[in-house]
Amino acid sequence: MPSNAIDRAFTAGSNVGSEAEPTYAGALSFMRRRYSKDVAGADAVVWGIPFDAAVSNRPGSRFGPQAIRRASAIFDVDPQYPFYLDLFENMSVVDYGDCLLDYGNHQETPGRIEREAAHILSQAGFLLSLGGDHYVTWPLLKAHAAKHGPMALVQFDAHQDTWFDDDSRIDHGSFVARAARAGIIDPSRSIQIGIRTHAPEDCGIKIIYGEELEEMRASEIAAAILERTAGAKTYLTFDIDCLDPAYAPGTGTPVAGGPSSAKMLSVLRQLEGLDIVGADVVEVAPAYDHADITAIAGATVAMHYLGLLARRKAAAGRS
């Protein structure tokens with residue numbers, strides 16, 4: 001018999017626990033988490049950043065947070081595969097809504113994102129951001145580094161994003177070079193997975209190219225990530241164009257020859273030993289999607305981040 005619960009994004013009385021809603025109805029937060037600006041003590045906060053003015057090809061990822069939230073409704077209250085647990089039974093997670101940006105003044109965008117991210121991080125344990133194009137990772141990295149110090153970067157992507165610029169451009173292809181140059185990330189502990197393009201610099205970051213992924217098992221890729229990061233605090237960014245366009249057509253700069261969603265999700269599942277302190281999913285552009293393929297992939301990546309956190313919390317409770 002169905003319960004009377006609906007619109008739990010607004011009506012839920014707690015940030016912990018969950019209850020079934022129709023997947024085709026109700027207010028759409030990420031995985032039906034409660035919308036709130038009060039995040040004090042939350043284990044994790046989900047936050048949308050609807051910005052796509054930095055793209056070099058097709059725009060549209062400003063609609064990514066909406067699409068990912070909509071796709072996440074398919075995750076009901078059953079134990080989430082492949083984690084075999086209700087992620088929210090003992091983990092407090094809030095959907096903070098979206099970052100308010102002035103579409104006519106993009107020079108204010110990085111500061112707004114960084115300040116609001118820092119505000120969230122001052123109260124909550126973990127920030128999961130939904131892009132938006134990959135430029136948004138630059139101010140996010142700055143906010144996380146202010147709290148955690150220099151971090152390892154694990155980047156799933158078809159592009160290196162290591163094009164140097166003068167630090168004033170709004171460009172989704174240069175954030176990695178900036179972060180390396182500023183000491184925000186430690187290149188010797190950082191790794192890029194799925195790269196299928198070339199940039200002038202690698203900034204000392206280890207690269208696993210697309211053709212190498214094709215020959216590697218998911219367990220080998222995960223082992224390479226854990227070896228490279230070597231226990232360092234890690235920021236994980238997943239550009240959805242890491243996946244082959246067959247699995248993620250709805251993105252601004254698709255590149256053929258990438259891995260499947262199944263393979264990359266298997267890699268994520270095996271990263272329990274990674275000390276992830278922040279994460280994002282970016283470049284979902286639903287205007288180019290078909291049957292929500294890309295949005296579902298993005299939502300599932302985000303769910304896997306929360307699954308890793310839930311497992312980590314459960315393990316800490318047993319110890």
(message) Applying a strict under-4.5 Å side-chain criterion to I, L, V, M, F, W and Y, I'd like to know whether L309 and Y235 cluster together.
(response) no
(message) Show every salt bridge (Lys or Arg N to Asp or Glu O under 4.0 Å) that has at least one partner inside residues 259-273, sequence neighbours left out.
(response) E272-R311
(message) When you group the ILVMFWY residues by side-chain heavy-atom contacts below 4.5 Å and let the links chain together, are L130 and V39 in the same group?
(response) no
(request) Any chance you could pull the hydrophobic cluster mates of Y35, using side-chain heavy atoms under 4.5 angstrom and chaining through other members? (result) F10
(request) With the side chain counted from C-beta on, respond yes when W47 and I113 share a heavy-atom pair under 4.5 Å apart, and no when they do not. (result) yes
(request) Please say whether more than 12 non-hydrogen atoms of neighbouring residues, nucleotides or ligands are located less than 6.0 Å from OH in Y247. (result) no
(request) Provide the full list of salt bridge (Lys or Arg N to Asp or Glu O under 4.0 Å) pairs with a residue in residues 209-235, sequence neighbours left out, each pair given once. (result) R217-E220, K233-D275
(message) Let me confirm one number: the OG1-CD1 distance from T229 to I276, rounded to the nearest 0.5 Å.
(response) 9.0 Å
(message) Taking CD1 in I74 as the centre, count heavy atoms belonging to other residues, nucleotides or ligands within less than 6.0 Å. Is the count above 12?
(response) no
(message) Taking side-chain contact (heavy atoms from CB on, under 4.5 Å) as the definition, give me every residue that meets it alongside S188, ordered by chain and number, with sequence neighbours left out.
(response) D186
(request) Among Ile, Leu, Val, Met, Phe, Trp and Tyr joined by side-chain contacts under 4.5 Å, find the other residues sharing a cluster with I195 and list them by chain and number. (result) I207, Y209
(message) Just to verify, what does A54 make a side-chain contact (heavy atoms from CB on, under 4.5 Å) with, not counting sequence neighbours?
(response) F51, D133, Y135, I170, H172
(request) Not counting sequence neighbours, list each pair that qualifies as a salt bridge (Lys or Arg N to Asp or Glu O under 4.0 Å) and has a residue in residues 276-297. (result) R70-D292
(request) Take H134 and T237 through the side chain to side chain donor-acceptor pair (under 3.5 Å) test and state the conclusion after the steps. (result) CA-CA 9 Å; H134 220 159; T237 181; 2.8 Å; yes
(message) For D244 versus G257, what's the shortest heavy-atom pair and its separation?
(response) OD1-N, 2.8 Å
(request) Taking side-chain contact (heavy atoms from CB on, under 4.5 Å) as the test, write out the residues that go with A223, two or more places apart. (result) none
(message) With salt bridge (Lys or Arg N to Asp or Glu O under 4.0 Å) as the rule and sequence neighbours excluded, what pairs involving residues 97-107 come up?
(response) R69-D98
Result block: side-chain N/O donor-acceptor pairs under 3.5 angstrom for residues 141-155, not counting sequence neighbours:
residue: K142; atom: NZ; partner: E114; partner atom: OE1; Å: 3.4
residue: H144; atom: ND1; partner: L140; partner atom: O; Å: 2.8
residue: K147; atom: NZ; partner: L121; partner atom: O; Å: 2.8
residue: K147; atom: NZ; partner: A124; partner atom: O; Å: 3.3
residue: Q155; atom: OE1; partner: Q192; partner atom: NE2; Å: 2.8
residue: Q155; atom: NE2; partner: D157; partner atom: OD2; Å: 2.9
residue: Q155; atom: NE2; partner: H159; partner atom: O; Å: 3.2
residue: Q155; atom: NE2; partner: D161; partner atom: OD2; Å: 3.3

(message) List the residues meeting side-chain contact (heavy atoms from CB on, under 4.5 Å) with R58, not counting sequence neighbours, and say none if there are none.
(response) P254, Y288
(request) Applying side chain to side chain donor-acceptor pair (under 3.5 Å), name anything that partners T197, two or more places apart in sequence or on another chain. (result) none
